[in-house]
Amino acid sequence: MALSEFELIQHCFAEQAAANLRPDVRLGIGDDCAILSPAVGQDLLVTVDTLVASVHFPSTLSPFQIAGRCLAVNLSDLAAMGAKPAWFTLALTLPEANEAWLREFSRGLFELANQHDISLVGGDTTRGPLSITIQAHGYVPAEKALRRDGAQVGDNIYVSGTVGDAGAGLGLTLKGCIDESDFLVQRFVSPSPRLALGQKLLDVASAAIDVSDGLLADLGHILKRSQVGAELQAQQVPVSKALLEAVGQEQALQLAFSAGDDYELCFCMPAERIEELEAAAEQAGVAVSQIGVITSEPGLTVLDTSGQAMALTKAGYQHF
Ligand code: ADP
Ligand code: MG
């Protein structure tokens with residue numbers, strides 16, 4: 001891009017970033033590299049996600065919404081491993097350097113970043129179809145991070161909040177509704193990364209993942225990595241009143257199983273730690289629901305209300 005465009009981008013991000021730099025950033029935006037000074041005794045966790053317009057989000061979203069969603073999905077990866085956010089970088093590919101667009105994008109980005117005390121320390125800017133890559137870094141006390149491979153036979157399986165909302169919300173945004181006063185739209189556009197819960201689960205949970213691809217698919221990743229199986233109770237899967245009212249019981253369950261984008265946490269934990277979990281959930285301000293148990297037999301079984309195994313498909317489940 002032309003120098004003036006670079007200057008514009010620098011202006012939109014560098015000033016805001018400098019205003020909220022954490023003390024563990026020695027040098028932020030402006031040089032060839034950022035200089036970071038990691039805390040002693042902590043493990044550093046790194047994650048990156050690219051979101052492409054019309055692939056990962058409808059291009060009708062506002063720049064404010066796009067920025068918030070991009071950062072939120074990265075924060076959710078940190079939450080899933082119990083990390084405390086520290087820094088992020090931003091690689092932006094833009095069709096043009098539109099000042100109004102960039103200002104709104106920057107406003108959405110820093111609103112969420114400042115809420116979670118994560119500093120923007122650098123990035124890259126290129127011209128092309130709209131695509132946003134954020135790499136986020138966070139801290140976990142050494143060797144304490146929650147992983148996918150720790151689930152033990154007999155553990156209970158939990159999910160935070162409600163699932164399926166964002167799937168319905170995506171449907172609404174694709175029809176042109178991006179108004180976040182609608183709960184389902186808000187759940188898709190501005191997911192709440194469960195950072196407080198993730199950090200509190202560090203000493204409690206045996207394994208965790210964030211629900212980005214769908215509850216069954218993401219739980220499947222835990223099962224595979226932990227070399228165990230699971231039995232779920234369909235009626236215990238938490239769905240919101242708004243979702244039930246919008247799509248009815250059957251479709252709500254399909255979305256809850258398979259839709260993704262909710263960015264809730266799915267985690268496993270020995271049953272005897274329930275009191276610690278209840279305290280953690282209360283402090284984090286999010287409900288948790290037990291949805292099943294880890295079994296030694298590999299594979300995932302979902303039981304319906306009558307105790308019958310449901311036939312699962314890639315898209316969710318099928319009635320016999
Ligand atoms: P270089 O040519 O050394 O890669 P750039 O001109 O790409 O440098 O970037 C100059 C500075 O601006 C760097 O410190 C870089 O981290 C920062 N920067 C560039 N684009 C962005 C962006 N989209 N967000 C945040 N920082 C950026
Ligand atoms: Mg560069």
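Note that the structure is a prediction, hence the values are computed from the model and not measured. Atoms within each ligand, like the ligands themselves, are counted from 1 in listed order.
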TODO: Report the C-alpha separation of Cys70 and Asp49 in whole Å, then their side-chain angles, then the decisive distance to 0.1 Å, and conclude whether the side chain to side chain contact (heavy atoms under 4.5 Å, CB included) test is met.
DONE: CA-CA 8 Å; Cys70 289; Asp49 266 306; over 6 Å; no
Could you list the donor-acceptor pairs under 3.5 angstrom formed between side-chain atoms of residues 230-240 and any protein atom two or more places apart in sequence or on another chain?
| residue | atom | partner | partner atom | Å |
| --- | --- | --- | --- | --- |
| Gln236 | NE2 | Gln290 | O | 2.8 |
| Ser240 | OG | Asp165 | OD1 | 2.6 |
| Ser240 | OG | Leu243 | N | 3.0 |

Task: Within 45° cone of Phe64 ring axis and under 6.0 Å: Arg103 NZ or CZ - done: no
Open item on the list: Are any of the N/O atoms on Gly30, whether in the backbone or the side chain, positioned under 3.5 angstrom from an N/O atom of ligand 1?
Closed with: yes
Open item on the list: Out of all atoms in ligand 1, which are within 4.0 Å of some heavy atom of Asp32? Include the element for each.
Closed with: 3 (O)
Task: Minimum non-hydrogen distance to atom 15 (C) of ligand 1, winning option of Ala17, Cys12, Gly123 - done: Gly123
- [ ] Would you tell me whether Thr133 and Thr50 have side-chain atoms, one donor and one acceptor, within less than 3.5 Å of each other?
- [x] yes
Please tabulate, one pair per line, all N/O donor-acceptor pairs under 3.5 Å involving side-chain atoms of residues 26-38, not counting sequence neighbours.
| residue | atom | partner | partner atom | Å |
| --- | --- | --- | --- | --- |
| Arg26 | NH2 | Ser37 | OG | 3.2 |

- [ ] Pick, from Leu109, Leu90, Leu27, the option with the minimum heavy-atom distance to atom 22 (C) of ligand 1.
- [x] Leu90
Open item on the list: Below 4.0 Å, non-hydrogen atoms only: which portion of Asp31 touches ligand 1? Side chain, backbone, both or neither.
Closed with: backbone
